[in-house]
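Accompanying notes for the structure given below.
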Amino acid sequence: MPKTMLVVALILAVAMAVPAFAGDCVDMPTGNMVSAKHIELNYIYWDLDGPPGPENASIVEGFVGVTDWLELDGIYADVQGDDTYFKLNAYAKLMPETAELPSLIVGATNVTREDWVGGDDRVSPFILGAYNIHVPEGAPRLNDPLVRVHAAWGAAYHDGVFGGFQAKVHPNLGFAIYNYQQEPSYMVTGNGDNFELTVGYKNGSAFYRGGLFLNW
């Protein structure tokens with residue numbers, strides 16, 4: 001697969017914010033929708049394996065909570081030696097997550113049919129659910145973590161079943177393992193009150209991410 005196609009693998013940018021989880025992952029939809037009137041901004045640097053392919057990629061993300069049930073995402077990717085790309089995604093929460101039941105979310109990526117990495121301009125619908133399968137009695141810690149799972153199916157670009165899990169092992173430290181388009185990702189995230197930093201690994205390449213959380 002061409003190196004430029006691997007930009008889609010920046011599901012690496014899993015977002016784990018205070019006090020639990022917020023935001024989403026590039027291209028891979030998750031159940032971590034941004035709350036109403038909240039914004040998440042991320043910058044990701046991906047250190048690729050090129051040459052002969054690209055040596056790096058820079059990605060800027062913006063997640064906007066329009067209402068409690070609607071989120072819009074904008075993603076801009078600048079692939080070194082290749083081109084720049086943009087796509088717009090939309091999420092709609094049909095059922096909120098409760099203590100007994102997972103959330104139910106539907107949506108689509110690339111709703112404006114832009115040319116994404118590899119020339120893929122398809123609108124790609126998905127359906128997913130997310131659920132905290134273990135909630136600690138107090139603050140999350142290594143022997144009593146907060147554990148969250150995501151399970152989804154998507155057509156077109158999503159290529160079928162995908163998902164994974166996140167865990168908080170400290171109020172300011174977590175990790176995640178995800179699988180999207182049959183490719184796993186691994187990451188560790190640390191956070192403060194309104195920011196987070198992530199280091200991860202995908203398909204032989206490391207990535208580094210910084211995120212900022214704002215209200216409007």
Practice problem: Just do the side chain to side chain contact (heavy atoms under 4.5 Å, CB included) check on V188 and L173 with the steps written out, would you? | Solution: CA-CA 8 Å; V188 176; L173 182 65; 3.8 Å; yes

Quiz item: Is it true that the NZ or CZ of K87 lies under 6.0 Å from the centre of W116's six-membered ring and within 45 degrees of the ring axis?
Solution: yes

Quiz item: Between atom OG1 of T109 and atom CG of D120, what is the distance when rounded to the nearest 0.5 Å?
Solution: 8.5 Å

Quiz item: Does the ring centre of H150 sit less than 6.0 Å away from the ring centre of Y178?
Solution: yes

Practice problem: Any chance you could lay out the side chain to side chain contact (heavy atoms under 4.5 Å, CB included) test for N42 and R209, step after step, and finish with the verdict? | Solution: CA-CA 7 Å; N42 298 322; R209 170 184 173 274; 2.8 Å; yes

Quiz prompt | Reported CD1-to-CG distance for the pair I105 and L94, which is rounded to 0.5 angstrom | solution = 8.5 Å

Quiz prompt | Value rounded to 0.5 Å, distance of NZ in K93 from OG in S103 | solution = 7.0 Å

Quiz item: Looking only at heavy atoms, which two atoms of A156 and V123 are closest? And how far apart?
Solution: CB-O, 4.2 Å

Practice problem: Please report the shortest heavy-atom distance between T198 and F207, naming the atom on each side. | Solution: CG2-CE1, 3.7 Å

Practice problem: From the options Y91, Y180, W153, F162, select the one residue that forms a ring-ring contact (aromatic ring centres under 6.0 Å, His included) with F126. | Solution: Y91

Quiz item: Rounded to the nearest 0.5 Å, how far apart are CD of E40 and CG of L212?
Solution: 9.0 Å

Quiz item: Which word best sums up how the rings of F165 and F175 line up, parallel for under 30°, tilted for 30 to 60°, or perpendicular for over 60°?
Solution: perpendicular

Quiz item: Step by step, would you call I59 with I75 a side chain to side chain contact (heavy atoms under 4.5 Å, CB included)?
Solution: CA-CA 7 Å; I59 291 92; I75 302 172; 4.0 Å; yes

Quiz prompt | Connected via hydrophobic side-chain network under 4.5 Å: I177 and V169 | solution = yes

Quiz item: Same cluster for V34 and W216 if Ile/Leu/Val/Met/Phe/Trp/Tyr side chains link at under 4.5 Å?
Solution: no

Quiz item: Can you check whether P102's main-chain N or O pairs, donor with acceptor, with E97's side chain at less than 3.5 Å?
Solution: no

Exercise. Drop me the distance from L48's CG to K202's NZ, to the nearest 0.5 angstrom.
Key: 12.5 Å

Quiz prompt | Intermediate values then yes/no, side chain to side chain contact (heavy atoms under 4.5 Å, CB included), N191 and H170 | solution = CA-CA 10 Å; N191 63 262; H170 181 275; over 6 Å; no

Quiz item: Closest approach of D144 and P136, non-hydrogen atoms and distance?
Solution: O-CB, 3.1 Å

Quiz item: Is it true that atom CG of D47 has more than 12 heavy atoms of other residues, nucleotides or ligands lying nearer than 6.0 Å?
Solution: yes

Quiz item: Atom CZ in F63, atom CG in D73: separation rounded to 0.5 Å?
Solution: 5.0 Å

